[in-house]
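Contents: one structure, followed by commentary.
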Amino acid sequence: MPELPEVETVKNYLEPLLKGQSFAEIEILNPNLRIPVPDDLSEKLANHKIEQVTRRAKYLAIYLENNSVLVIHLGMTGKIFAHQELPDTDKHDHLLFRLNNGDYLRFNDVRKFGLVTYLNDNDLTKSKLFSHLGIEPLSDEFNGKYLREISKNSNLEIKKFIMEQKNVVGVGNIYASEALFLSRINPTRPSSKISQKDTDNLVKNIKGVLELAISKGGSTIKDYRLVTGESGYFQHEFKTYGKENNPCKICSTPIKKIVQGGRSTFYCPKCQKN
DNA sequence: AAACGCGCCTGCGGGC
DNA sequence: TGCCCGCAGGCGCGTT
């Protein structure tokens, strides 16, 4: 899936398409997602004006005039395509949204780790999907002081720590590797062993890499596509992710691949010392 | 109670 | 060519 920059990019595309419109009908083609798509989705959401299109963590939260919220998560392979007329559907399409202006949105998800549902209450914190989520990485609350405070007593490896959604949301497997490289921190270093100065730097680099990726329209690897079907561009700027055995951009040492918590991690063993 | 590891599901590419 | 295995932007759950 899409990590935070990809979801933010989707949000930015959807906002002008949706804001002020309403859903005329939402057709469920296949309800079998991470949680089943509720039968009454269309009934609950249709014909209520769309007020806001937002992102929280890696979720899209689309607020309607009747206080309900359409919630979409793209999982690993979820995609949303926009069309100006009735599109052909393929076997991994799960929902087809028809807007009052005749546009369509198509939700496609090969691996079905995504979800589409609604909330009756627009206070996201009341939902089980959102209640446990930590702060946003691009917010002012996410700063070196905060990160050091929550990490200084943890022996969890730093890459796992920053990917933990209760600590900070939206930092996925790619951007965790990239931010640690930029910060010259070994991904296996215990969180407690990172100085305030290095923590400040890590926060700066997490924000920097996410913002840069957003500015490039996210990263396209395999399945992820922009709403328009175009690719994002940030994948061309990866310094470590997927670069096993390629020379480090700084010192030319071959990039190493290890596995942490079942996820691949890429880093430079020379630049990123423990 | 934090932390691990597994399962959810499908497709693709590499190795044999 | 074909089969089998490992791996993939995430996340929640049960178990230690």
Side-chain angles (χ1 to χ4, degrees), chain A residues 1-11 29-37 55-60 71-80 90-94 107-117 127-134 137 150-180 187-188 190-192 206 209-210 212-214 216-227 231-245 257-266:
Chain A
M1 141 203 151
E3 298 185 30
L4 184 148
E6 291 73 39
V7 181
E8 182 74 13
T9 301
V10 172
K11 187 215 80 178
L29 307 170
N30 175 0
N32 303 315
L33 292 171
R34 189 174 106 206
I35 59 175
V37 181
R55 176 193 58 74
R56 168 70 174 123
K58 298 171 195 165
Y59 289 88
L60 294 165
V71 175
I72 300 176
H73 195 289
L74 301 176
M76 290 279 259
T77 52
K79 285 161 285 183
I80 297 172
D90 81 27
K91 71 171 178 173
H92 297 302
D93 286 341
H94 291 78
F107 178 86
N108 179 286
D109 186 0
V110 171
R111 290 178 70 185
K112 306 183 175 74
F113 293 166
L115 68 84
V116 177
T117 192
S127 160
K128 200 180 163 195
L129 293 171
F130 295 91
S131 58
H132 64 290
L133 295 176
I150 61 169
S151 62
K152 69 182 181 188
N153 294 319
S154 172
N155 289 319
L156 198 61
E157 295 175 334
I158 187 62
K159 185 197 177 222
K160 293 185 191 172
F161 194 91
I162 59 173
M163 287 180 67
E164 201 58 70
Q165 301 294 297
K166 71 180 189 326
N167 296 328
V168 56
V169 300
V171 183
N173 201 39
I174 291 178
Y175 297 103
S177 275
E178 294 294 309
L180 287 163
T188 67
S191 303
S192 59
I206 289 171
V209 76
L210 294 175
L212 183 62
I214 291 167
K216 304 270 177 179
S219 302
T220 297
I221 303 172
K222 296 185 181 173
D223 308 286
Y224 170 76
R225 286 287 181 281
L226 301 184
V227 175
S231 298
Y233 290 95
F234 189 71
Q235 66 280 8
H236 303 303
E237 313 212 4
F238 291 166
K239 296 190 165 56
T240 56
Y241 187 81
K243 304 286 188 188
E244 186 180 16
N245 295 327
K257 175 181 168 176
I258 59 172
V259 174
Q260 291 178 283
R263 314 296 302 279
S264 293
T265 300
F266 300 87

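Model, not experiment: these values are computed from the prediction. Per chain, numbering begins at 1; letters A, B, ... match sequence-line order.
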Compare every heavy atom of [Y] with every heavy atom of [X], then report the nearest pair and how far apart it is.
X        : Y        : result
A:Lys112 : A:Asn32  : CD-O, 3.2 Å
A:Gly170 : A:Leu4   : O-CB, 3.3 Å
A:Leu33  : A:Val116 : CD1-N, 4.0 Å
A:His92  : A:His94  : O-ND1, 2.9 Å

Please report the interatomic distance [atom1]([X]) to [atom2]([Y]), rounded to the nearest 0.5 Å.
X        : Y        : atom1 : atom2 : answer
A:Ser151 : A:Ile158 : OG    : CD1   : 5.5 Å
A:Ile72  : A:Lys11  : CD1   : NZ    : 14.0 Å
A:Asp109 : A:Asn30  : CG    : CG    : 10.0 Å

Using OP1 and OP2 only, check whether a side-chain N or O of [X] sits under 4.0 Å from [N].
X        : N      : result
A:His132 : C:dG12 : yes
A:Ser264 : C:dA8  : yes
A:His92  : B:dC9  : no
A:Lys112 : B:dC8  : no

Considering only atom P, compute the distance from B:dC9 to C:dG14 and round it to an integer number of Å.
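Those two atoms are separated by 16 Å.
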Could you tell me how far C:dC11 sits from B:dA1 if I compare only their P atoms? Round to whole Å.
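It works out to 24 Å between them.
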Sort and list the pairs that fulfil side-chain hydrogen bond (donor to acceptor under 3.5 Å, both in side chains) and have at least one residue in residues 162-173 of chain A, not counting sequence neighbours.
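Of all non-adjacent pairs touching residues 162-173 of chain A, those that pass side-chain hydrogen bond (donor to acceptor under 3.5 Å, both in side chains) are A:Lys159-A:Asn173.
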Is_stacked (A:Phe113, B:dC8) at 5.5 Å, 30 deg
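By the stated criterion, A:Phe113 and B:dC8 stack.
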Rounded distance in Å - [atom1] ([X]) to [atom2] ([N]):
X        : N      : atom1 : atom2 : answer
A:Leu4   : C:dG10 : CG    : P     : 11 Å
A:Leu129 : C:dC11 : CG    : P     : 11 Å
A:Arg56  : C:dC11 : CZ    : P     : 12 Å
A:Arg34  : B:dC6  : CZ    : C1'   : 16 Å
A:Ile35  : B:dC9  : CD1   : P     : 15 Å
A:Glu6   : C:dA8  : CD    : P     : 16 Å
A:Leu74  : C:dC11 : CG    : P     : 10 Å
A:His73  : C:dC11 : NE2   : C1'   : 7 Å

Classify the nucleic acid contact of A:Gly172 as base, sugar-phosphate or nothing, counting any heavy atom under 4.0 Å across all strands shown.
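Counting heavy atoms under 4.0 Å across all strands, the contact made by A:Gly172 is with sugar-phosphate only.
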List for me each residue that meets side chain to side chain contact (heavy atoms under 4.5 Å, CB included) alongside A:Thr117, sequence neighbours excluded, and say none if there are none.
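Per chain and number, A:Thr117 pairs via side chain to side chain contact (heavy atoms under 4.5 Å, CB included) with A:Ile35, A:Pro38, A:Val71, A:Leu115, A:Leu129.
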State whether the side chain of A:Arg56 and the backbone N or O of A:Lys58 hold a donor-acceptor pair below 3.5 Å, judged by distance alone.
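Judged by distance alone, no pair lies under 3.5 Å.
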Test item: A:Ser192 side-chain N/O and A:Asn155 main-chain N/O as donor-acceptor pair under 3.5 Å
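Side chain of A:Ser192 to backbone of A:Asn155: no pair is present.
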Using a distance-only criterion (donor-acceptor N/O pair, under 3.5 Å, no hydrogens), is the base of C:dA8 paired with the side chain of A:Arg263?
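Such a pair does not exist between side chain and base.
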I need the residues from residues 154-167 of chain A with at least one non-hydrogen atom less than 4.0 Å from DNA chain B; give them sorted by number, or say none.
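DNA chain B contact set from residues 154-167 of chain A: A:Ser154, A:Leu156, A:Lys160.
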Give the ring-plane orientation class for A:Tyr233 versus A:His236, where under 30° counts as parallel, over 60° as perpendicular and anything between as tilted.
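Plane angle between 30° and 60°, so tilted.
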Involving DNA chain B, stems made of at least three consecutive Watson-Crick or G-U pairs, both distances under 3.5 Å
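DNA chain B forms these stems: B:2-8 with C:10-16, B:10-16 with C:2-8.
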Could you run down the sub-3.5 Å N/O contacts of the protein with nucleotides 13-16 of chain B?
none

For A:Phe130, give me all partners under ring-ring contact (aromatic ring centres under 6.0 Å, His included), at least two apart in sequence or on another chain.
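Only A:Tyr59 meet the ring-ring contact (aromatic ring centres under 6.0 Å, His included) criterion with A:Phe130.
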Which of the following nucleotides, C:dG12, B:dT10, C:dA8, is nearest to the side chain of A:Met76?
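Comparing C:dG12, B:dT10, C:dA8 against the side chain of A:Met76, the answer is C:dA8.
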